[in-house]
Each structure stands twice: as C-alpha cells, then as structure tokens.
K.L.:
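One structure, pasted below without further comment.
Every number for a ligand or one of its atoms is a count from 1 in the order of the listing.
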Amino acid sequence: MSVENTDVDVVVVGAGGGGLTAAIAAAETGASVALLEKLDRPGGNTFVSTGSIPAGGTRYQRAAGIEDDAERMTADLLRQSGDHEAEHLVRFLAEESAGLVEWLVERHDVDLRIITDYKHVGHSVQRLHAPPDRRGESLIRDLSAAARRLDVEIVVGNPVAGLLVEDGRVSGVRVAGERSGSYELRSHAVVLAGNGFGNNQQMIDRWLPEASAAQYFGADGSTGENITWATDLGARLLNMGAYQGYAAVAYPHGSIVSWTSVEKGGFLLAPDGHRMGDESVGYSGFASEVAKVAEESWVVFDTRIRDFIAGNEPEFAELVTIGGVKEATSATALAEIIGCSATAVEAAITDQQRAAASGTADATGRRDFPMGPLKEPYCAVRSVPALFHTQGGVDVDRYARVIRQDGTTVPGLHAVGGVTGGLSGRSGGRGYSSGNGLLSAVGLGRVAGSTAARRPGRPAPHADRDPDGP
Ligand SMILES: Cc1cc2nc3c(=O)[nH]c(=O)nc-3n(C[C@H](O)[C@H](O)[C@H](O)COP(=O)(O)OP(=O)(O)OC[C@H]3O[C@@H](n4cnc5c(N)ncnc54)[C@H](O)[C@@H]3O)c2cc1C
C-alpha cells in the first residue's frame, strides 16, 4: 500500500483507556491518527473504572518507601491467576509498567498517584497508581487532553463496522452508523481497542456460562465485534473463560462498594445473615461465591472503616451521603436492617472479633483483619454481585500485533486491552488481580500505538526493539 492512497497512518478503534493511549503513543512520533468511537463520548469501561493502573518499581513507589520491581509483580500476578495462556503478556507488561506510568505522568500530564492506603487483590505491595479522586473519568479526561494536544482527532458517534483487508494486510476500516453514515477510512495500521464482550449475551453464554445470569456492570460498548473480526482473520484466542466479577455493587445505588471495606476487616453476609466464605479470594473471585448462594448480599463493617474509606474515596463518600451505607448501634439493629435473624449476625460479628483479636482464623479460614475487631456502631450496604468485564481475547505479541493460530502475525493489525487475552487465568473470576484490565489496555496501548506508527525515517522509540519492523 502506498502513502498516496492512505487517509491516515493509524486508525484506532475505540476511545477507552487502551485506544487513547495507543493514539497518544502513535501521535507523539508524528503519525496522523484517527480515533473512532462508536458511542457519543470517549470513555468505555475505563470511564466507569477506578482508573487504577498497577506498576512495579516506579519512582513514586520509591519516594513512598515501597520496594517493588517487575519480577515481584510478575510473581504476584501469576500467583493470583495460576497457569494460563497469556503468561508472556504478564511478564512483558510487568516489565513495561513502571516506565508506562512514568511516561503517562511526566510526558503526558496524566495525574496518577501511588495509592498507599491499600494494596488490593493480588498485590503483595502497594503498586496501584490512580487519579487522586480514584475515578476512571479523570483518567479519560487526562488521556483525552493529551491526545488532543497531539492533534489526535477523537471522532465520536462513528462505529467501526468491519476491517478492510487487501492482499492479506489490514488496510483500514469501514464505518457505518446512523449519524456518521457509511464510509471507508484507509490506514497503514489498525489498532483494535474496542474492549471485550461483556455486553454481548450470546458470547457470554458461549464463553462464560457461569456468568450468564450475572448483571453486567460495564459500559455499553463492549459488544465483542473487535474479537470476532480478528478471529475471522485467523487470530488465536486465549483465556476465553476468564472474567472480572465484583462481589458488591451497591443496590439500588449502582456504585462500587469499595473492597477496602472488606480488606480492612469487614465481611459479606447472605440475606439470611450467614457468611458465604473467605472474602480474601478477592472481589472478583468472591462474586461467584455470592451468586451461588443468593441474588444479593450485605457488606458489613464499622464506622471506623466507613470514615477511613470516605476520607480517601469520593465515590464511597457519595454512597454514604446518599444513604447507601446504613448504620446500626448493635448486632440486633443490624439484623433488623438486613431482615434476618439476630443470632446469625451476632455469631458472624463475634467470630470476626475473636479472630481479629487473637490473630487466628475465623470460621471461613480468613485471618486478615488489619483494623482489628469490628466495633459498634456497625455499618451495612445492600449489594449485588456483577460482571465487570471479560478477560478472554486474541493473542498478541510484545508489539501488540495480532497472532494467528499458526503463530504468524496478521499484517497491519494490533489489539489491546479487553480485545486481547487477559492476565487473569484461564477461566472464572478468581484469577483477577486489581488493575489487570487497565494494565493490558494502557500497557499494550502504548506499544501498539508506537509500533503501528513506525515508518522509515520516523522515530518510534517504543517500538525500536522490534526486530522485524511493522
Ligand atoms: C466498574 C468497573 C471498575 C473497574 N475498575 C478497574 C480498575 O480500577 N483498574 C483496572 O485495571 N480495571 C478496572 N476495570 C476494568 C477496566 O475498566 C477495563 O479492563 C478497561 O477499561 C478496558 O479498557 P479498554 O480500553 O480495553 O476498553 P474500554 O475502556 O471499554 O474502551 C473501549 C471503547 O471502544 C468502543 N468501541 C467498541 N467497539 C467499537 C466499534 N466497533 N467502533 C468504535 N468504537 C468501539 C467502546 O464504546 C469503548 O468506548 C473496571 C471495570 C468496571 C466495569
């Protein structure tokens, strides 16, 4: 394909965290980039996330006295996930992670700070870097501003309907939408950043039957077509049975009940007042435990934990303000709020207090209660388990090039984030470590953009290690 009949250098499909990062990485080398978003605003799942990106060995960690590196991060993620089909990406993204976060903060003014008040699921040290208000919306705002500074056109309301392929090479996209009309856009390379299939019931039924009945809590745009186009071109699929669940979304408020409430010493009760298991498997793994028992549950903690979280997390503070966090002066009053037997609630609280005070395991085998025994007054949030996003997708190499089943790459095609095979195990929700979603979106986004933009005579610092060229 010659430069003359190319409309832009790089087309990026989907303006979430992965797509915006790919666009920034491509545009900073001087490439022309079109970023096409099917919905009316950029954001996707990244917008509704907490915007937390894990990175091992950043200067921000060192300044906070946290010792960490890529090797430790790799070991942590693999411990949580167990063996799986995308381990090459775990190692690679852990190695990339510190440079990635520093590049976003220092080169592109994305406001990310190391979170020191919790580690979250899967991490043995504090390594999540998030916007100060811990909202994905802020991450999207900063990434969009960085992209615009580099003259990236973020074209909303323009759904990509398929890929153009010439002589086996992806040469652009076909757009077809009510507002946009139909047109073709030609490019040297296409980056698929349209996320997974959380909002496609047919694909969920096929790949994640255990989550078929779960309420989907992610963005509308995750309908799986990016994965289908890549598989039509022969792409290999990885870890298709894996997903991120979340055990406790506040009902009916619809906001995330911060897992810090559990990590600091709280627990979940079924509607009959009984514990459902050891919550330290994490918010994703515990979602299926809740779903096995009931349609909803109650997160129980105390006012010390409530005030600690509300002081750090605005979304949780809002939940408190709008009355989503109920307060009870005693176990009996708590049982009345839940609508269950006081005996069961008292037993659960007494067991937590005994285990936390003595440093021994509670009845579920759990030992970790950093804020000690729960104290009156108690708090409770009514909640439901949810599916946040899917973790299965296409295989890519360390340049985010899509790999076919025969091990060759699809020329001109890259994929990032939820389109790719995730870092969270082969199947189920237990393998998910906090931040796995954005690590693969933003981490692969950076290498995809840089590699897709590569042309003779144009610097592409992040892709220069590619021995074969684009
Ligand atoms: C409530 C919640 C909290 C979460 N918290 C975290 C967290 O703190 N840390 C973390 O790592 N992960 C978190 N996750 C997961 C994380 O949000 C996702 O893994 C991540 O945002 C995926 O990024 P992405 O760029 O691949 O997709 P997205 O951010 O979803 O972006 C994809 C975009 O592509 C668009 N698109 C799709 N198809 C097309 C098409 N055909 N044409 C044009 N546009 C298209 C979509 O509309 C969307 O805007 C959370 C998820 C949820 C739901």
K.L.:
Assess the side chains of Ser222 and Asn199: does a donor N or O sit below 3.5 Å from an acceptor N or O?
P.N.:
no
K.L.:
Are His120 and Trp259 close enough that their ring centers fall under 6.0 Å?
P.N.:
no
K.L.:
Side chains of Arg72 and Ser124 only: does a donor on one sit below 3.5 Å from an acceptor on the other?
P.N.:
yes
K.L.:
Only heavy atoms of Leu39, strictly under 4.0 Å: list the atoms of ligand 1 that pass.
P.N.:
47 (O)
K.L.:
Can you list the atoms of ligand 1 that are under 4.0 Å from a heavy atom of Gly221?
P.N.:
37 (C), 38 (N), 46 (C), 47 (O)
K.L.:
Relative to the ring of Tyr283, is the ring of Tyr432 parallel (under 30°), tilted (30 to 60°) or perpendicular (over 60°)?
P.N.:
tilted
K.L.:
For Ser424 and Gln391, which I'm curious about, is there any donor-acceptor pair between the side chains at under 3.5 Å?
P.N.:
yes
K.L.:
Hey, what's the ring geometry for Phe388 with Tyr246, parallel, tilted or perpendicular (30° and 60° as the breaks)?
P.N.:
parallel
K.L.:
For ligand 1, which atoms sit closer than 4.0 Å to a heavy atom of Gln244?
P.N.:
14 (N), 15 (C), 50 (C)
K.L.:
What atoms of ligand 1 come closer than 4.0 angstrom to any heavy atom of Ala441?
P.N.:
23 (O), 24 (P), 25 (O), 26 (O)
K.L.:
Any side-chain donor paired with an acceptor under 3.5 Å for Asn239 and His84?
P.N.:
yes
K.L.:
Which of the listed options, Gly393, Ser180, Ser49, Gly198, holds the heavy atom that is closest to atom 13 (C) of ligand 1?
P.N.:
Ser49
K.L.:
Between Asn158 and ligand 1, does any nitrogen or oxygen pair lie at a separation below 3.5 Å?
P.N.:
no
K.L.:
Does the structure place the NZ or CZ of Arg41 under 6.0 Å from the centre of the six-membered ring of Phe47, at an angle of no more than 45° from the ring's axis?
P.N.:
yes
K.L.:
Just jot down the ligand 1 atoms closer than 4.0 angstrom to any heavy atom of Gly43, in number order.
P.N.:
29 (O)
K.L.:
Test of understanding: given a 4.0 Å heavy-atom threshold, classify the contact between Tyr216 and ligand 1 as side chain, backbone, both, or neither.
P.N.:
neither
K.L.:
Do any nitrogen or oxygen atoms of Trp229 lie less than 3.5 angstrom from nitrogen or oxygen atoms of ligand 1?
P.N.:
no
K.L.:
Closer than 4.0 Å to some heavy atom of Leu36 - which atoms of ligand 1 meet that?
P.N.:
43 (C), 44 (N)
K.L.:
Quick one: which ligand 1 atoms are inside 4.0 Å of a heavy atom on Tyr432?
P.N.:
10 (C), 11 (O), 12 (N), 13 (C)
K.L.:
Starting from atom 26 (O) of ligand 1, locate the nearest protein heavy atom and write down its residue, its atom name and how far away it is, to 0.1 Å.
P.N.:
Gly418 N, 3.0 Å
K.L.:
Heavy atoms only, cut-off 4.0 Å: how does His389 contact ligand 1, side chain, backbone, both, or neither?
P.N.:
side chain
K.L.:
Can you figure out which of Thr46, Val13, Thr223, Val419 has its heavy atom closest to atom 20 (C) of ligand 1?
P.N.:
Thr46
K.L.:
Calculate, to the nearest 0.5 Å, the distance between atoms CG and CG belonging to Leu139 and Leu438 respectively.
P.N.:
6.5 Å
K.L.:
Is there at least one pair of N or O atoms, one from Leu438 and one from ligand 1, spaced under 3.5 Å apart?
P.N.:
yes
K.L.:
Tell me yes or no: between the side chains of Ser255 and Glu318, is some donor less than 3.5 Å from an acceptor?
P.N.:
no
K.L.:
For Glu37, does its backbone N or O pair with a side-chain atom of Asn158 as donor and acceptor, under 3.5 Å?
P.N.:
no
K.L.:
Checking Thr223 against Lys38 for the side chain to side chain donor-acceptor pair (under 3.5 Å) test, could you report, in this order, the C-alpha distance in whole Å, the side-chain angles of both residues, the deciding distance, and whether it holds?
P.N.:
CA-CA 11 Å; Thr223 43; Lys38 72 177 166 189; 2.7 Å; yes
K.L.:
Indicate, as side chain, backbone, both or neither, the part of Leu128 found under 4.0 angstrom from ligand 1 when only non-hydrogen atoms are considered.
P.N.:
neither
K.L.:
Compute the shortest N/O to N/O distance between Val48 and ligand 1 and return yes if it is under 3.5 Å, no if not.
P.N.:
no
K.L.:
Can you list the ligand 1 atoms lying under 4.0 Å from a non-hydrogen atom of Gly417?
P.N.:
26 (O)
K.L.:
Check contact between Ala193 and ligand 1, using heavy atoms of the residue and a distance below 4.0 angstrom.
P.N.:
yes
K.L.:
What part of Tyr283, side chain, backbone, both or neither, has a heavy atom within less than 4.0 angstrom of ligand 1?
P.N.:
neither
